[in-house]
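Reading through the structure tokens given below for one structure.
Computed from a prediction, not measured in an experiment: that's the story for all the values here. For reference, positions follow the sequence shown, starting with 1. Values reported hereafter were calculated over all heavy atoms of this structure, with side chains retained and with hydrogens, waters and symmetry mates removed.
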Amino acid sequence: MAMASLARRRAGTLLSSSSRKYSSILSRRGFASGSDDNDVVVIGGGPGGYVAAIKAAQLGLKTTCIEKRGTLGGTCLNVGCIPSKALLHSSHLYHEAKHSFANHGVKFASVEVDLPAMMGQKDKAVGNLTKGIEGLFKKNKVNYVKGYGKFVSPSEVSVDTIDGGNTTVKGKHIIIATGSDVKSLPGITIDEERIVSSTGALTLKEIPQKLVVIGAGYIGLEMGSVWGRLGSEVTVVEFAADIVPSMDGEVRKQFQRGLEKQKMKFMLKTKVVSVDTTGKGVKLTLEPAAGGKQTTLEADVVLVSAGRVPFTAGLELEKIGVETDKGGRILVNERFASNVPGVYAIGDVIPGPMLAHKAEEDGVACVEYIAGKVGHVDYDMVPGVCYTHPEVASVGKTEEQAKALGVEYRVGKFPFMANSRAKAIDDAEGVVKIIAEKESDRILGVHIMAPNAGELIHEAVLAMQYGASSEDVARMCHAHPTMSEAVKEAAMATYDKPIHI
């Protein structure tokens, strides 16, 4: 009961199940359910946009979602999170069959990659999921307009439909949820054949012998892992001194060593000066980030993965006066409202982590505010996951951040080499690291490198959301044998001593 009470206080007024209450709220706020105008118009059908649209409809608001792609799910579902995870899983199965199955007594005469079949499985997963979202729109009575929307006024959006027509969609509240796009690099033209973005890297027609990845962030390392497992020689070129700079430093170093064991090469503190595609392959000219002697590097395919930028092109925000920052992100208040009354923004087009699950939470909270309720998103509690193998997942503060804040803290760690389940399945590379405030023992951050770290991290998210101490987690009974016992042992190591090391 205490936890439920806390949830109510944090999330605000609970959603009412009474239609009469909804009608009362809508009436007080001037919503006319029988009007030709929409109560809510969402521009963008990605994770933030389609979730916002469904939630708005569930709250009794007349809702229309506009999506230019013609399929729902945005970058994440169509050319991002979902297809990349499909290929990560398929390539991992191949790698395991080739290198690990024999250790478990499973032997094959030969193992080979059927790339078209692998791509087909990925496309099938994407297709089924996009159709599923359309089904949810129908179920919740969300009007779906396929086309490119641009503002005519703060309450009107002109849509060039994908069938060549044009229509105007009116709404009392308009939510911008147009997501993000690949960050381009000066002098490098992406053709999605030899020089590819993450989109092109998901549709290569053959396995490149040599793949160069520009950028050592989550996306670059994930896609580099896919093709590396399938046989490519992968070299990652990164301008900064470290891979994944947002990651906890100690975990990052262990992560990089693990990737190097998988034969991924790293050229850190290195700048790409130019790219030459006049020959059969691609020739990159490189130099040290601080300046110095230039070198060349050849590749069959180059993946540009230097980050993402907000996508607001063509919306004509300037016509209605929406304010943005220097990075092109729309400035919003705590209710996701822009400076223009009736215009809101969520997800990758506003400040905060560019993650699908963050966009979903933004969408729900934004619509709850519009409906007169109280929304809630805590960006300090948004987990991040790198879906390599092993995965790396984290939530909260890194040790470097805790140190910079001047917080006195304790650190507890537990290696998966000492976890019985990990040893039993012969997949024991990784660690759990917990950072807790020294005086109160309140957990400040958790970092996990392990198989399925992206699933394990949510125990930490839940614990931190409710202000748990490391002792709280340590005293919870964890099933044996499970990977999650490593979280318990790391918690024990934080406030006292672990048992199994």
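- Asp348 contributes no side-chain N or O that, together with a main-chain N or O of Thr178, makes up a donor-acceptor pair within less than 3.5 Å.
- For the atom pair CG of Leu88 and SG of Cys81, the computed distance is 11.0 Å after rounding to the nearest 0.5 Å.
- Counting heavy-atom neighbours within 6.0 Å of Met476 CE, excluding the residue itself, gives a total above 12.
- To the nearest 0.5 Å, the span separating CD1 on Ile434 from CD on Glu399 amounts to 13.0 Å.
- Between Ser225 and His389 the shortest side-chain heavy-atom distance does not fall below 4.5 Å.
- Side-chain contact check for Leu93 versus Phe101: every heavy-atom pair is 4.5 Å or farther apart.
- Put simply, CE on Met223 and CG on Leu211 are 9.0 Å apart, with the number rounded to the nearest 0.5 Å.
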Hey, mind stepping through Lys68 and Ile162 against side-chain contact (heavy atoms from CB on, under 4.5 Å) and telling me if it holds?
CA-CA 7 Å; Lys68 69 181 176 65; Ile162 60 174; 6.0 Å; no
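- Although no hydrogens or angles enter the test, the distance criterion places a donor-acceptor pair under 3.5 Å between the side chain of Asn419 and the main chain of Ala422.
- Listed for the Lys122 side chain is a donor-acceptor partner under 3.5 Å among the backbone atoms of Leu202.
- Heavy atoms only, all atoms of each residue included: Val212 and Glu298 are closest at CG2-O, 4.4 Å.
- Proximity of a side-chain donor or acceptor of Lys358 to a complementary backbone N or O of Gly347 within less than 3.5 Å is detected.
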side-chain contact (heavy atoms from CB on, under 4.5 Å) between Phe255 and Leu221, worked out
CA-CA 11 Å; Phe255 180 39; Leu221 297 180; 3.7 Å; yes
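- Not one N or O on the side chain of His458 forms a donor-acceptor pair closer than 3.5 Å with the backbone of Pro383.
- Between Glu193 and Lys205, none of the side-chain N atoms (NZ, or NE/NH1/NH2) sits under 4.0 Å from a carboxylate O, so this pair counts as no salt bridge.
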Evaluate Gln254 against Glu250 for side-chain hydrogen bond (donor to acceptor under 3.5 Å, both in side chains), listing each step before the verdict.
CA-CA 7 Å; Gln254 186 170 343; Glu250 184 178 19; over 6 Å; no
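- The 12-atom threshold is not exceeded at NE2 of His89, counting heavy atoms of other residues, nucleotides or ligands nearer than 6.0 Å.
- Note that Lys146 lies outside the cation-pi zone of Phe137, set by a 6.0 Å cut-off to the ring centre and a 45° limit from the axis.
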side-chain contact (heavy atoms from CB on, under 4.5 Å), that's the test. Do Val282 and Val301 meet it? Break it down for me.
CA-CA 7 Å; Val282 183; Val301 174; over 6 Å; no
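- Distance check, rounded to the nearest 0.5 Å: CD1 of Ile54 to OG1 of Thr63 gives 10.0 Å.
- Listed by chain and number, the residues in a ring-ring contact (aromatic ring centres under 6.0 Å, His included) with Tyr409 amount to none (sequence neighbours excluded).
- Shown here for Thr161 and Val145, the closest heavy-atom pair between the two residues is CG2-CG1, 4.5 Å.
- With rounding to the nearest 0.5 Å, the separation of NZ in Lys413 from NE2 in His447 is 12.0 Å.
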For side-chain hydrogen bond (donor to acceptor under 3.5 Å, both in side chains), just list the numbers for Asp114 and Tyr94, CA-CA rounded to whole Å, side-chain angles, deciding distance to a tenth of an Å, and then say yes or no.
CA-CA 10 Å; Asp114 184 342; Tyr94 169 72; over 6 Å; no
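- Across Ile346 and Ala52, no two heavy atoms sit closer than the pair CD1-CB, 4.2 Å.
- Pairing each heavy atom of Asn140 with each of Gln58, the nearest pair is OD1-CG, 3.4 Å.
- Within the 4.5 Å cutoff, side-chain heavy atoms of Val432 are placed close to those of Phe416.
- In terms of modelled atom types and a separation under 3.5 Å, the side chain of Glu238 and the main chain of Ile243 share no donor-acceptor contact.
- Looking at Arg229, its side chain never comes within 3.5 Å of a backbone N or O of Gln262 through a donor-acceptor pair.
- Shown here is His99, whose NE2 atom has more than 12 heavy atoms of other residues, nucleotides or ligands within 6.0 Å.
- Within the 4.5 Å cutoff, the side chain of Trp227 has heavy atoms near those of the Ile207 side chain.
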Take Met464 and Asp378 through the test side-chain contact (heavy atoms from CB on, under 4.5 Å) and record every step on the way to the result.
CA-CA 11 Å; Met464 290 176 62; Asp378 186 345; over 6 Å; no
Please determine whether side-chain hydrogen bond (donor to acceptor under 3.5 Å, both in side chains) holds for the pair His478 and Glu459, giving the CA-CA distance in whole Å, both sets of side-chain angles, and the decisive distance to 0.1 Å.
CA-CA 11 Å; His478 288 61; Glu459 177 180 356; 2.6 Å; yes
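- Among Thr189, Leu284, Ile214, Ile190, the one residue that satisfies the side chain to side chain contact (heavy atoms under 4.5 Å, CB included) test with Ile195 is Ile190.
- Ser246 and Tyr218 get closest at one heavy-atom pair: OG-OH, 4.2 Å.
- Side chain of Asn78 to backbone of Leu72: a donor-acceptor contact under 3.5 angstrom is found.
- Contact between Pro208 and Ser232 at its shortest, heavy atoms only, is O-OG, 2.5 Å.
- At a threshold of 4.5 Å between non-hydrogen side-chain atoms, the residues Arg308 and Ile219 count as touching.
- Salt-bridge annotation for Lys263 and Glu233: absent, with no side-chain N of the basic residue lying under 4.0 Å from a carboxylate O of the acidic one.
- When the shell of 6.0 Å around NZ of Lys85 is examined, it contains more than 12 heavy atoms from other residues, nucleotides or ligands.
- Judged by distance alone, the side chain of Asp191 and the main-chain N or O of Arg194 form a donor-acceptor pair under 3.5 Å.
- Side-chain atoms of Ile82 and Leu129, non-hydrogen and from C-beta on, do get closer than 4.5 Å to each other.
- Remark: Gln294 CD is packed, more than 12 non-hydrogen atoms of other residues, nucleotides or ligands lying under 6.0 Å away.
- The line from CD of Glu489 to CD1 of Ile501 is 7.0 Å long, rounded to the nearest 0.5 Å.
- With hydrogens and angles ignored, the 3.5 Å screen pairs a side-chain donor or acceptor of Glu192 with a backbone N or O of Gly200.
- Between Leu286 and Val272, the closest side-chain pair of non-hydrogen atoms falls below 4.5 Å.
- Residue Met264 forms a side chain to side chain contact (heavy atoms under 4.5 Å, CB included) with just one option from Thr388, Thr235, Val234, and that option is Val234.
- With a 4.5 Å cut-off on side-chain heavy atoms, Pro47 and His357 do not count as touching.
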